[in-house]
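It should be emphasised that the depicted structure is a prediction, and the values quoted were computed from it without experimental measurement. Values reported hereafter were calculated over all heavy atoms of this structure, with side chains retained and with hydrogens, waters and symmetry mates removed.
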Amino acid sequence: MSELADLIPEKLQRELQESFAYATGFGVVFVDKEGRHLGEGSNFSRFCRAINADPKDGARCQCSNKNAIQIALKDGRPGIYICHAGLVNIEIPLTLDGELIGAITAGQVICEGNHPFPQDEQAPQQLWRENELYTSYYREIPVLSLKQIQETARALQNFSNYILQQKSYTQIQEHVGHLTDELLKNQKKLINLKNQLTLARFEALQKQIMPHFTFNVLNSISRLMSMKKNDQAQEMLESFSSMLRYTLSRPAAKVTLKQELDYIRHYLRIQRYRFGENLVYHIDCDKKSEPLTIPFFSLQPFVENALEHGILNPTRKYGGELNIACRAGMSAYTIEIRDSGAGMDENTLGAILEELASKRLPRGGKIHIGMSNCFKRLRMFFGARCTIAVKSSLGCGTTIVITIKNKR
């Protein structure tokens, strides 16, 4: 029987729940499939800590959690439930190989006005009001709008999908390792297993997504909501949801250039919300280039690298501009990614060019590991038809030109 720790190690559980809790202001805790808390939880209110310290009230909390999990499983969406104490309780079930192993719970807020949420049968009784300490703690609980609660539930659902995707990525890595062992054991199947290994590496590299970006987005959405900028928070969340759908649901190892650029547009729109006028960007792709088939997630890391190490580099005060241009010529397609950011010195640029010229899989280096991954995916996909040129100078930005020759 699988346990939640099989999906998320206990240390990572604490890190993830704290990141989401303090980004949104909700109390957050992982629970087992019976609704029992796994650990103390993060950002718990004094009211809920006092409630859970009492065996009878703690049992009622467990029952509320379990009811909300069942509602979520039945409806196929986040379970939003009013617990026995009258507080909002959001439950996102977590499954491993089709088996329920627990859930991530957020809540400990009050919904203002009318709401459509089902509630515990004991919620109207509010038995805790007989305790003066509970009553004083209850007055500290934040009151949020229906929209804020629903959007938090959506963000938590995306957050959970991300966790499951990371598990899938780990399983791919384990599968690659298994194939490698088999390759060494059975020399007669060398060619066949080598092809499978290449494909597994190819797909594993495509599914990389940085957790710090997820946490930064959630924090930005929370900040917009706290400033009552719900429309901007909604637009930012929709862009983030589109990005997650793209990374989590791609059934194939290849996409069109248009699909990849749409993902990049959502990414840049989010970064524009976060950094304002410090980021200016333009994407210009002619219609003939849009159907070009490329490896999934093969351009995004170039763009992310341009922002993190170029335009939004901590050494710069005023940000910069990013331009992406795609053209279909008579003999080749060209994709140019140009930024006016911090640029690179000769040693850094030389290390990147050396990595791009090598035939081994990328091994490390925070600045150019993403670029190396991208180029190797493009090279596996197009072979010698694909070349890449990198030009950069310190303080003047970086230009990357990808050339893909047409088939003869």
Can you pull out every salt bridge (Lys or Arg N to Asp or Glu O under 4.0 Å) where at least one residue sits in residues 36-51? Sequence neighbours excluded, please. D32-R36, R46-E140

Side-chain contact, heavy-atom cut-off 4.5 Å: [X] with [Y]?
X: Q108; Y: F26; answer: no
X: K391; Y: V401; answer: no
X: K147; Y: Q234; answer: yes
X: I149; Y: F117; answer: yes
X: D120; Y: N67; answer: yes
X: L100; Y: I69; answer: yes
X: N52; Y: H37; answer: yes
X: T387; Y: K405; answer: no

Pair S145, E112: side-chain N/O donor-acceptor within cut-off below 3.5 Å: no

Side chains of N323 and E321: is there a donor and an acceptor less than 3.5 Å apart? yes

Between the side chain of N305 and the main-chain N/O of P301, is any donor-acceptor distance below 3.5 Å? no

Counting distance only, does the side-chain N/O of S64 pair as donor-acceptor with the main-chain N or O of H84 below 3.5 Å? yes

side-chain hydrogen bond (donor to acceptor under 3.5 Å, both in side chains) against E18, all qualifying residues, sequence neighbours excluded: none

Test of understanding: with side-chain hydrogen bond (donor to acceptor under 3.5 Å, both in side chains), list the residues that count as partners of S241, not counting sequence neighbours. N158

Starting from the C-alpha separation in whole Å, work towards a yes-or-no answer on side chain to side chain donor-acceptor pair (under 3.5 Å) for R154 and Q157. CA-CA 5 Å; R154 287 182 59 191; Q157 177 74 72; over 6 Å; no

Which one of L156, I90, V29 satisfies the side chain to side chain contact (heavy atoms under 4.5 Å, CB included) criterion with I104? L156

Counting only heavy atoms not in D231, do more than 12 fall under 6.0 Å of its CG? no

Closest heavy-atom pair, R265 versus Y281, reported as atoms and distance to 0.1 Å, is O-OH, 4.3 Å

Nearest heavy-atom approach of Y22 to S42 is CE1-CB, 4.4 Å

Knowing that exactly one of T348, D339, T398 qualifies, which makes a side-chain hydrogen bond (donor to acceptor under 3.5 Å, both in side chains) with S392? T398

Rounded to the nearest 0.5 Å, how far apart are OG of S239 and CD of Q271? 11.0 Å

